[in-house]
Trainee: 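Sharing a structure below in C-alpha cells format, with a few things to ask.
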Amino acid sequence: MKMLIGVTGANGNLGRLVIAELRKRVSPDQIVALARSPEKVAHSDVDVRAFDYEKKDALAPALDGIDTLIMISSTGAGTRVAQHRNVIQAAQAAGIKRIIYTGVLHTDTSSWALVKDHKITEADLKETGIPVTVMRHSIYSDVYVPRIAEAVMKGAFIGSVADGRTASASRADLAEALAIVATSAQEQSFKVYELAGDDAWTMEELAEETSLQLGAPIPYRNLSTGEHVAELVAQGVPEERAPMIVGLDTAMRQGSMFDDSHALSTLLGRPTASLKDLVAQGIKAAAQ
C-alpha cells in the first residue's frame, strides 16, 4: 500500500528543500505538497494541494489520504499558535498517523521569546495521541549569509551576542534530516531531536573567519542591548522590530542556540555544513 507524506509550507525556503530530499527517497506519487499558493509549487510531478493555515475548514479535506505530515511551523507572529491548532485539529480529523513538527532548539529552556509559541504547540501535539516527532531547529545558517555580506560591505559586524556560542545549521542539512526521519520507522509516541550544526562559533570567530577568507580585517563590534537597538533603528530598522532582532542576540548570548549533541550529523551520517562554508557563501553574496 502506498504511504503518502505531506509537507506543509511547500513553497517556503525549507519546504522546497524537504520535497527535493523526499524525492531522492520515495517516488513522487508518495509526496503531497501543501501550499498556500499551490500554483507556485516547483515540483510538477508531486500531488499539489491548497493549504492555508488560516482557512480552517479547508485543511482536513486537503490532508485526505496522507499518512505522515511534515508540519513546518508558521512564520505568523501573533497568529502562529492559532494557525498551528488549525493544522493539528485538521490532522486529527483526517486520521493522520504521524506528525513531524519543526520547532526551535531547546524549547524547554530557551530564553528566546519565540519559543513560547512552540512550547504551546508541542503541548497541543502531545495531547492529540498521534505519534509525534519534534525536530527542534537551531537558527538557520542561511540567515547569516546576508549578514556576512553586509559586514563585508560595511567593514564590521555588529551585535550584542558577546561571547555566546551559536551552533547554527543550514536549511539544506535540516531538510535532509526531515526527509530521513519521515521515511524511517516511528521510534516512539513522542520523540524530540535537538538539531544544530557541528561547528559552534562566537561572533568574534565568525568575524575572524570572514577576515581570513576575505584577506581584510572585518572586526566584530559588541554592543549593549540598548546600543544595539539604537544602532538598528539608526540603520532604518522599524522601532517595533529592532527589539525582536536584539532579543535573538540576547538568547544566543545566553546559550539558547548552542548544542553539542551532534544529533543532526548523526541523523545525516556525515558532518554538517561548516563555518567555513557559511562564510564563503556570505562573501560570495557580497560580491554579487
Trainee: Does some side-chain heavy atom of Gln281 sit less than 4.5 Å from a side-chain heavy atom of Lys276?
Mentor: no
Trainee: Checking side-chain polar atoms at under 3.5 Å, does Ser274 have a donor or acceptor matched by the opposite partner on Asp277?
Mentor: yes
Trainee: Would a hydrophobic clustering, with Ile, Leu, Val, Met, Phe, Trp and Tyr connected at side-chain separations under 4.5 Å, put Leu34 with Leu14?
Mentor: no
Trainee: State plainly whether one hydrophobic cluster holds both Leu248 and Val143, where clusters connect Ile, Leu, Val, Met, Phe, Trp and Tyr through side-chain heavy atoms under 4.5 angstrom apart.
Mentor: yes
Trainee: Is Ser110 reaching over with its side chain to a backbone N or O of Trp112, donor-acceptor style, under 3.5 angstrom?
Mentor: yes
Trainee: Classify the side-chain pair Gln89/Lys56 by whether it contains a donor and acceptor separated by less than 3.5 Å.
Mentor: yes
Trainee: If I take atom CG from residue Leu17 and atom OG from residue Ser170, how far apart are they, to the nearest 0.5 angstrom?
Mentor: 8.5 Å
Trainee: Is Met3 close to Thr68 at the side-chain level, that is, under 4.5 Å between some pair of heavy atoms?
Mentor: no
Trainee: Any salt bridge linking Lys24 with Glu21? Criterion: basic side-chain nitrogen under 4.0 Å from a carboxylate oxygen.
Mentor: yes
Trainee: Look up atom CG in Leu4 and atom CG in Asp67, then write down how far apart they are to the nearest 0.5 Å.
Mentor: 5.5 Å
Trainee: To the nearest 0.5 Å, what is the distance between OH (Tyr193) and CD1 (Ile100)?
Mentor: 9.5 Å
Trainee: Does any non-hydrogen side-chain atom of Val134 lie less than 4.5 Å from one of Val132?
Mentor: yes
Trainee: Are the side chain of Arg85 and the backbone N or O of Thr121 linked by a donor-acceptor pair below 3.5 Å?
Mentor: no
Trainee: Less than 4.5 Å apart, any side-chain heavy atom of Thr8 and any of Ile70?
Mentor: no
Trainee: If only side-chain N and O atoms count, and only distance matters, is there a donor-acceptor pair under 3.5 Å linking Asp198 with Ser265?
Mentor: yes
Trainee: Can Gln254 and Ser111 be counted as having a side-chain donor-acceptor contact under 3.5 angstrom?
Mentor: yes
Trainee: For atom CD of Glu39, is the number of surrounding heavy atoms from other residues, nucleotides or ligands below 6.0 Å larger than 12?
Mentor: yes
Trainee: For Arg165, is there an ion pair with Asp260 - N to carboxylate O distance below 4.0 angstrom?
Mentor: no
Trainee: Is Arg253 reaching over with its side chain to a backbone N or O of Gly164, donor-acceptor style, under 3.5 angstrom?
Mentor: no
Trainee: Take Glu208 and Ser211 through the test side-chain hydrogen bond (donor to acceptor under 3.5 Å, both in side chains) and record every step on the way to the result.
Mentor: CA-CA 5 Å; Glu208 288 174 357; Ser211 301; over 6 Å; no
Trainee: Checking Tyr144 against Asp142: is there a side-chain donor and acceptor pair closer than 3.5 Å?
Mentor: no
Trainee: Within a 6.0 Å radius of atom CE on Met244, are there more than 12 heavy atoms belonging to other residues, nucleotides or ligands?
Mentor: no
Trainee: CE/Met203 to OG/Ser160 distance, rounded to the nearest 0.5 angstrom?
Mentor: 9.5 Å
Trainee: Assigning hydrophobic clusters by single linkage (Ile, Leu, Val, Met, Phe, Trp, Tyr; side-chain heavy-atom cutoff under 4.5 Å), is Val115 placed with Met257?
Mentor: yes
Trainee: Are side-chain heavy atoms of Asp199 and Glu205 found at a separation under 4.5 Å?
Mentor: no
Trainee: Can you check whether His137 reaches Arg171 side chain to side chain, under 4.5 Å on heavy atoms?
Mentor: no
Trainee: For the pair Arg221 and Glu204, find out whether any cationic side-chain nitrogen is under 4.0 Å from an anionic carboxylate oxygen.
Mentor: no
Trainee: Do the rings of Tyr53 and His84 sit parallel, tilted or perpendicular, given the 30° and 60° boundaries?
Mentor: perpendicular
Trainee: Assess whether atom CG of Asp45 is packed by more than 12 heavy atoms of other residues, nucleotides or ligands within 6.0 Å.
Mentor: yes
Trainee: Under a 4.0 Å threshold between the charged nitrogen and the carboxylate oxygen, would Lys55 count as salt-bridged to Asp57?
Mentor: no
Trainee: Is it the case that one hydrophobic cluster holds both Val32 and Val181, taking links as side-chain heavy atoms less than 4.5 Å apart, direct or via other members?
Mentor: no
Trainee: Measure the spacing between NZ of Lys119 and CG of Asp124 and express it to the nearest 0.5 Å.
Mentor: 13.5 Å
Trainee: Mind listing the closest non-hydrogen atom pair of Leu268 and Ala177 along with its distance?
Mentor: CD2-N, 3.8 Å
Trainee: Under 3.5 Å, is there a donor-acceptor pair between the Ser224 and Glu227 side chains?
Mentor: yes
Trainee: Do Tyr101 and His118 have side chains that approach each other closer than 4.5 Å (heavy atoms only, starting at C-beta)?
Mentor: yes
Trainee: Kindly say whether the aromatic ring centers of Trp201 and Phe258 come within a distance under 6.0 Å.
Mentor: no
Trainee: Could you give the distance from CE (Met71) to CG (Leu125), rounded to the nearest 0.5 Å?
Mentor: 5.5 Å
Trainee: State whether the number of non-hydrogen atoms from other residues, nucleotides or ligands found under 6.0 Å of Arg36 atom CZ is greater than 12.
Mentor: no
Trainee: What about Ile88 and Met135, same hydrophobic cluster or not, with Ile/Leu/Val/Met/Phe/Trp/Tyr joined at side-chain heavy-atom distances under 4.5 Å?
Mentor: no
Trainee: If we ignore hydrogens and angles and just use 3.5 Å, is the side chain of Ser138 paired with the main-chain N or O of Ala167 as donor and acceptor?
Mentor: yes
Trainee: Taking the side chain as every heavy atom from C-beta outward, state whether Thr183 and Ile5 have any atom pair closer than 4.5 Å.
Mentor: yes
